[in-house]
Amino acid sequence: MVDIQFVRENADLVQRKTKEKGYAVDVSKLLEVDVERRAQLTVTEELRARRNALTAEMKGARPTEEQIERGKQLKDEIVQKEATLSELEETYTQLLWQIPNITFDDVPLGGEEDSVEIKRVGDQPTGATDHLDFALARDWVDFERGAKVAGQKFYYLKGDLALLENAITQFALDFVIKKGFSFMTVPHMVNSRTAVGTGFAPRSSDQSDEYAIEGEDLSLIATAEMSLTGYHADEIIDEAKLPLLYAGLSPCYRKEAGAAGKHTRGLFRVHQFNKLEMYAFCLPEQSRQLHEMILNVEEELWQALGVPYHVVNIAAGDLGAPAAKKYDIEYWSPVDAKYRELTSCSNCTDFQARNLNIRVRRTDGTIEILHTLNGTAVSLARALVAIIEHYQTEGGTLEVPTVLRPYMSNKSQI
RNA sequence: GGAGGGAUCGCCUAGUGGUCUAUGGCGCCGCCUUGGAAAGGCGGUUUGCGGGCAACUGCAUCGAGGGUUCGAAUCCCUCUCCCUCCGCCA
């Protein structure tokens with residue numbers, strides 16, 4: 001959620017930014033409820049103060065009938081006021097949680113088409129075999145049996161392709177560790193507080209892209225970002241320890257509801273894939289720079305893998321609620337002759353951190369909400385698509401990118 | 001999955017209905033003392049939301065939520081997590 005203090009002081013700005021992101025939220029209604037709620041809170045607190053005073057008065061001696069009678073009356077009033085208060089709180093919270101994170105001013109306005117290319121690296125070759133046809137011909141992937149065993153969009157990776165996935169993972173892992181990220185494996189399920197707090201599940205309603213475990217307060221993670229964000233929930237971290245850089249490896253589970261019509265062939269959009277995610281907890285004043293740093297790591301990594309790409313500054317209307325700004329790296333697809341999403345890198349500022357109560361204690365003792373960022377190092381299924389499209393040879397084999405060879409028994413071809 | 005025991009302000013800890021506006025110790029901060037330090041003494045030290053220029057002050061917070069009561073850290077219920085034992089098991 002956003003900072004209510006900020007909303008109070010910048011109502012017009014918040015309303016505008018919210019609209020730009022495509023959210024229909026009545027900010028003035030929220031502020032109205034906020035005022036009511038605070039007034040009710042004051043009244044309730046005064047009554048509680050009177051109750052406390054009465055209790056103090058009764059200390060030591062046996063309470064008189066008159067005192068108990070006064071206490072009973074106070075209690076009734078308090079119960080009444082508290083009921084009204086909690087109703088107001090609920091309305092208030094509901095409205096507040098509808099407001100998405102405030103975008104930075106360098107985020108382009110508009111929808112998906114309005115995202116801005118800010119950089120292009122590599123050339124734009126065309127004419128390659130589709131990754132699925134290529135992989136099927138080598139018996140590297142089996143969607144039919146995936147469907148038999150689990151359902152549509154589940155798959156087996158086999159043989160050298162499975163080994164290649166492993167090699168990419170190892171390479172990327174070594175790469176980000178050198179960049180200062182601490183590796184960790186993470187829970188593959190999270191509770192609803194974490195799912196909601198990270199912005200992946202709505203606060204009330206089961207409309208979610210996550211797979212929920214029936215009868216449990218658990219969902220399969222859609223990304224390690226969820227587990228990584230929750231890692232420091234309810235903690236106050238000393239300023240000197242920031243930024244904290246983590247890299248989490250996990251499978252990602254997505255229902256991909258509503259993905260019909262989008263590019264869905266083969267491994268590009270599936271229900272389950274592995275991903276190595278970079279994550280940062282940092283001081284508010286560090287997050288802009290760290291965002292660029294994480295993007296830079298992504299770029300270096302994909303340059304090392306030799307895949308042409310461009311970087312896109314995602315437009316406001318295409319941003320998720322938690323992000324203040326997001327860069328996507330899209331690789332050039334020689335099959336489709338266009339750029340396709342490969343990685344993503346978001347600055348969520350204090351939005352997720354406020355939800356999950358993650359704070360920093362400054363050296364002067366003050367406490368504030370810290371900032372969080374996340375960025376894909378490699379999303380393995382898509383990485384395989386990109387590499388198959390770019391490294392196929394005329395002989396029908398796949399050249400192994402140079403940097404991956406040490407992780408592939410030094411093979412140059414598979 | 002079963003049985004039992006736990007969860008208190010950074011850490012340890014006292015606390016079975018009003019003297020808890022939560023004890024004591026450790027750590028930390030400030031002051032006194034000192035040539036300087038240590039020891040010692042005095043004071044302070046959870047977090048959140050309010051009021052006040054400030055000194056200061058109100059409410060909440062003893063794992064979470066609900067209940068009983070004039071009054072709950074304390075009693076009751078539900079849940080979460082931790083420990084021990086049993087069962088199961090990579």
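Chain naming here is simple, since letters A, B, ... match the order of the sequence lines and numbering starts at 1 in each.
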Legend entry - Derivation and outcome, ring pair (Phe, Tyr, Trp, His ring centres under 6.0 Å), residues A:Phe143 and A:Tyr155: CA-CA 4 Å; A:Phe143 274 94; A:Tyr155 56 96; 5.5 Å; yes
Legend entry - Which residue lies more 5' along RNA chain B, comparing A:Gly71 with A:Ile4 via nearest heavy atoms: A:Ile4
Legend entry - Ion pair A:Lys241/A:Glu235, N-O distance below 4.0 Å: no
Inset, instruction - Provide, to the nearest angstrom, the distance between the CD atom belonging to A:Gln67 and the C1' atom belonging to B:U69. - result: 15 Å
Inset, instruction - With C1' as the reference atom in both, quote the distance from B:U16 to B:C11 in angstrom, rounded to an integer. - result: 26 Å
Inset, instruction - Mind checking A:Arg361 for me? I need base, sugar-phosphate or nothing, with any heavy atom below 4.0 Å counting as a touch. - result: sugar-phosphate
Inset, instruction - Start with the C-alpha gap between A:Asp133 and A:Arg265, add the side-chain angles, then the distance that decides, and say whether salt bridge (charged side-chain N to carboxylate O under 4.0 Å, His left out) holds. - result: CA-CA 10 Å; A:Asp133 296 334; A:Arg265 189 168 156 78; 2.7 Å; yes
Inset, instruction - Calculate the interatomic distance between A:Tyr92 atom OH and B:C49 atom P; express it in whole Å. - result: 10 Å
Inset, instruction - Provide the Watson-Crick or G-U wobble partner of B:G30, both distances under 3.5 Å; none if there is no partner. - result: B:C42
Legend entry - Who pairs with B:A60 - Watson-Crick or G-U, where each distance is under 3.5 Å: B:U47
Legend entry - More than 12 heavy atoms of other groups within 6.0 Å of A:Glu65 CD: no
Legend entry - Distance, P atom - from B:G4 to B:A60, rounded to whole angstrom: 36 Å
Legend entry - Gap between atoms CD1 and P, on A:Ile78 and B:G71 respectively (whole Å): 8 Å
Inset, instruction - Specify the separation, in whole Å, of atom CG of A:Leu41 and atom P of B:C49. - result: 12 Å
Inset, instruction - Could you say whether A:Arg359 or A:Thr55 is positioned toward the 5' end of RNA chain B, judged by the nucleotide with the nearest heavy atom to each? - result: A:Arg359
Legend entry - Whole-Å P distance, B:G5 and B:G10: 27 Å
Inset, instruction - Taking only Lys NZ, Arg NE, NH1 and NH2, and the carboxylate oxygens of Asp or Glu, determine whether A:Asp105 and A:Lys325 approach each other closer than 4.0 Å. - result: no
Inset, instruction - Under a 3.5 Å limit for both distances, which nucleotide forms a Watson-Crick or G-U wobble pair with B:G1, could you say? - result: B:C86
Legend entry - Residues A:Arg8 and A:Asp34 bridged, charged N to O under 4.0 Å: yes
Legend entry - Pairwise C1' distance, B:U78 and B:G24 [rounded to whole Å]: 34 Å
Legend entry - Spacing of the P atoms in B:C82 and B:C89 (rounded, Å): 22 Å
Inset, instruction - Would you mind reading off the distance between A:Ile236 atom CD1 and B:C11 atom P, rounded to a whole angstrom? - result: 11 Å
Inset, instruction - Please report, rounded to the nearest Å, how far the P atom of B:G48 is from the CG atom of A:Asp234. - result: 12 Å
Contacts under 3.5 Å, N or O only, protein and nucleotides 58-61 of chain B:
unit_1	atom_1	unit_2	atom_2	d
B:G58	N2	A:Glu45	OE1	3.2
B:C59	OP1	A:Asn52	ND2	3.1
B:C59	O2'	A:Arg48	NE	3.4
B:C59	O2'	A:Arg48	NH2	3.4
B:A60	OP2	A:Asn52	ND2	3.1

Legend entry - Interatomic distance, A:Asp34 CG vs B:C49 C1' [rounded to whole Å]: 12 Å
Inset, instruction - Take atom C1' in B:C59 and the same atom in B:U46, then report the distance between them in whole Å. - result: 16 Å
Inset, instruction - Establish, from distance only, whether the side-chain atoms of A:Asn101 and A:Thr349 form a donor-acceptor pair under 3.5 Å. - result: yes
Legend entry - For A:His371, ring pair (Phe, Tyr, Trp, His ring centres under 6.0 Å) partners two or more places apart: none
Inset, instruction - Give a yes/no on whether any side-chain N or O of A:Arg37 is located under 4.0 angstrom from OP1 or OP2 of B:C49. - result: no
Inset, instruction - Applying side chain to side chain donor-acceptor pair (under 3.5 Å), name anything that partners A:Glu20, two or more places apart in sequence or on another chain. - result: A:Arg16
Inset, instruction - Would you indicate what A:Leu74 reaches in the nucleic acid, counting non-hydrogen atoms under 4.0 angstrom: base, sugar-phosphate, or nothing? - result: nothing
Inset, instruction - Return the nucleotide paired to B:A14: Watson-Crick means purine N1 to pyrimidine N3 with N6-O4 or O6-N4, wobble means G-U with N1-O2 and O6-N3, both under 3.5 Å. - result: none
Inset, instruction - Using the C1' atom on both, measure B:A55 against B:G48 and round to a whole Å. - result: 23 Å
Inset, instruction - Figure out the CD1/C1' separation between A:Ile367 and B:G10, and round it to whole Å. - result: 12 Å
Legend entry - Separation between the C1' atoms of B:C62 and B:U47, rounded to whole Å: 13 Å
